[in-house]
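Single-structure report; data block below.
Order of the sequence lines sets the chain letters (A, B, ...), proteins ahead of strands, with each chain counted from 1.
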Protein chains: 2
Amino acid sequence: MTTTADSGVRQRTRRAILEAAASVWARDFSASLGDIADRADVSRSTLHRYFPERQALIDALLIDSQARLGEAWNGALAVSSTAMETVENIMGAIVDLADQILFLFSDPTRFVGNPHWTSDDDDGLLDLIRAAQRDGELDPDIDPTFAMSVMYALIYVTAESVAAGTLPRHKAAETAVRIFRHGVSPRE
Amino acid sequence: MTTTADSGVRQRTRRAILEAAASVWARDFSASLGDIADRADVSRSTLHRYFPERQALIDALLIDSQARLGEAWNGALAVSSTAMETVENIMGAIVDLADQILFLFSDPTRFVGNPHWTSDDDDGLLDLIRAAQRDGELDPDIDPTFAMSVMYALIYVTAESVAAGTLPRHKAAETAVRIFRHGVSPRE
DNA sequence: TGAAAATGAGACATTGCTGTGTCATTATCG
DNA sequence: CGATAATGACACAGCAATGTCTCATTTTCA
């Protein structure tokens with residue numbers, strides 16, 4: 001065997017398929033593997049060589065998306081001081097991962113029972129939200145879980161609007177953060 | 001002929017199927033007709049008697065959802081004076097229509113080409129949002145379409161939280177409206 | 001260049017959803 | 001009660017997606 005590690009070619013093909021899957025499934029999870037193969041400029045045969053079953057591709061995309069969100073998460077942590085600032089930076093960093101966000105959160109029920117679907121990220125985020133409430137930067141009357149849902153929802157619609165062209169990409173992060181904090185009211 | 005109009009029984013069955021379809025398809029549009037029949041406590045045979053083809057059910061649900069949103073819309077209009085107040089009342093009124101909201105707006109691309117898919121409701125709401133912007137109650141820098149997306153997203157997470165028990169129902173409308181206007185920042 | 005790796009094209013059986021139909025059973029109402 | 005409406009339980013064919021396989025071709029790299 002050639003020692004191991006997949007060749008560069010294989011890595012590139014694998015990435016192309018994952019990107020295509022995120023792009024297609026973000027908008028229509030019922031899309032067929034043939035659609036994804038087409039988007040990836042790859043034959044269905046090749047797709048099946050990399051991911052023998054549909055579920056294998058779903059799992060791989062799940063893991064890959066979470067990994068990329070994790071990077072964004074850590075990057076945001078590294079440059080933040082206060083809890084609210086961390087929340088804001090996470091929202092900002094994550095907006096660039098529109099396809100992954102849409103895939104992960106547009107219908108989380110599709111992952112129930114999936115061993116790779118953990119709510120650890122949620123726990124960390126909930127802690128941050130509670131900290132922000134103690135700091136007086138986030139309304140303590142709002143349930144932390146609900147605040148998190150609002151956050152995800154805003155990230156989701158922001159990503160969606162960027163994908164739809166309604167919202168310029170460079171304004172996405174700032175817009176999401178500002179509405180999260182201050183709603184749609186005019187700046188004073 | 002039995003004179004007329006469908007018996008009360010038929011109306012009830014029809015409603016049960018529409019409710020089930022909204023509930024199921026709101027979360028997973030690729031769900032099968034069998035899933036919907038189960039949710040409606042009806043056999044697949046019966047479902048096909050009411051809606052011969054899948055597309056017929058989609059169309060009927062589209063029309064029904066639009067009609068119910070329209071009622072909420074008119075009810076809100078009747079008791080509102082300013083544009084922003086109308087927007088708020090609409091949000092409050094349609095929190096109970098979460099399934100219909102998600103079905104209609106989570107992926108509008110599925111209706112392209114459908115003769116029943118008009119964006120009139122959107123247009124009306126967009127006009128209201130623009131009016132609120134002129135009134136100085138809504139940030140003019142926010143794209144109206146995006147503001148509308150935010151509105152729907154908040155309505156959905158609010159309804160979802162009510163269903164999950166995170167948020168008491170009687171606080172739902174007020175919470176959605178407040179976050180829409182002022183975000184999650186503490187009240188001053 | 002030549003071997004190995006990677007891919008494309010296609011055949012094939014399987015599976016699940018759909019749409020159609022029949023027949024028996026239950027519910028509704030005059 | 002009795003007739004009709006409404007439903008449930010199947011059976012069946014058609015179809016698209018899936019998963020497995022083989023074989024020819026192209027690409028990569030030593």
Side-chain angles (χ1 to χ4, degrees), chain A residues 1-62 103 107 109-114, chain B residues 1-62 64 103 107 109-111 113-114:
Chain A
M1 66 179 71
T2 57
T3 48
T4 42
D6 300 314
S7 71
V9 177
R10 283 192 67 84
Q11 282 303 323
R12 246 178 309 135
T13 303
R14 186 186 146 89
R15 281 244 58 84
I17 294 173
L18 285 175
E19 291 296 327
S23 169
V24 172
W25 278 344
R27 289 157 187 79
D28 177 17
F29 187 60
S30 68
S32 72
L33 299 180
D35 293 335
I36 293 173
D38 289 346
R39 172 67 68 98
D41 283 317
V42 149
S43 70
R44 196 165 67 88
S45 303
T46 296
L47 190 150
H48 270 103
R49 284 194 189 91
Y50 284 77
F51 306 97
E53 306 164 2
R54 182 188 173 95
Q55 191 59 45
L57 178 55
I58 295 174
D59 290 348
L61 182 55
L62 176 58
F103 170 73
D107 178 24
T109 63
R110 69 175 66 127
F111 300 131
V112 292
N114 191 309
Chain B
M1 66 178 73
T2 53
T3 45
T4 88
D6 302 314
S7 70
V9 177
R10 282 192 69 82
Q11 281 304 323
R12 249 179 320 171
T13 302
R14 185 187 147 90
R15 281 244 58 83
I17 294 174
L18 286 175
E19 292 294 329
S23 168
V24 171
W25 278 344
R27 288 157 185 80
D28 177 16
F29 188 60
S30 68
S32 72
L33 298 180
D35 293 335
I36 294 173
D38 289 346
R39 172 68 67 100
D41 282 318
V42 151
S43 70
R44 197 166 65 88
S45 302
T46 297
L47 189 151
H48 269 103
R49 284 194 189 91
Y50 284 77
F51 306 98
E53 306 163 3
R54 182 188 174 95
Q55 190 60 45
L57 177 54
I58 295 174
D59 291 347
L61 182 55
L62 176 58
D64 182 67
F103 170 73
D107 178 21
T109 64
R110 69 175 66 126
F111 299 130
N114 191 310

C:dT7 phosphate, OP1 or OP2: any side-chain N/O from A:T46 under 4.0 angstrom? no
Sorted by chain and number, sequence neighbours left out, side-chain hydrogen bond (donor to acceptor under 3.5 Å, both in side chains) with B:S45 holds for none
Separation between CH2 (B:W25) and CG (B:L57), nearest 0.5 Å, reads 4.0 Å
Atom CZ of A:R14 and atom C1' of C:dA6 are separated, to the nearest Å, by 16 Å
Atom CG of A:L47 and atom P of D:dA17 are separated, to the nearest Å, by 14 Å
On DNA chain C, more 5' by nearest nucleotide between A:S43 and B:D35 is A:S43
Query raised in the report: How are the rings of B:F103 and B:F29 set relative to one another: parallel (under 30°), tilted (30 to 60°) or perpendicular (over 60°)?
Result: tilted
Between CH2 of A:W25 and C1' of D:dA17 the distance, given in whole Å, is 12 Å
What one should report as the nearest heavy-atom pair of A:V9 and A:Y50 is O-OH, 4.5 Å
So salt bridge (Lys or Arg N to Asp or Glu O under 4.0 Å) across residues 48-58 of chain B, not counting sequence neighbours, yields none
A:D38 atom CG is separated from D:dA17 atom P, nearest whole Å, by 11 Å
query = Hey, does the side chain of B:Y50 come within less than 4.0 Å of D:dT7's phosphate (OP1/OP2), counting only N and O?
reply = yes
Protein-proximity profile, nucleotides 18-30 of chain D, B/S/- by nucleotide at the 4.0 Å heavy-atom cutoff, equals BBB----------
- Query: Would you say A:D59's side chain and A:A56's backbone share a donor-acceptor pair under 3.5 angstrom?
  - Reply: no
Whole-Å distance, B:R10 CZ to C:dA27 C1', equals 14 Å
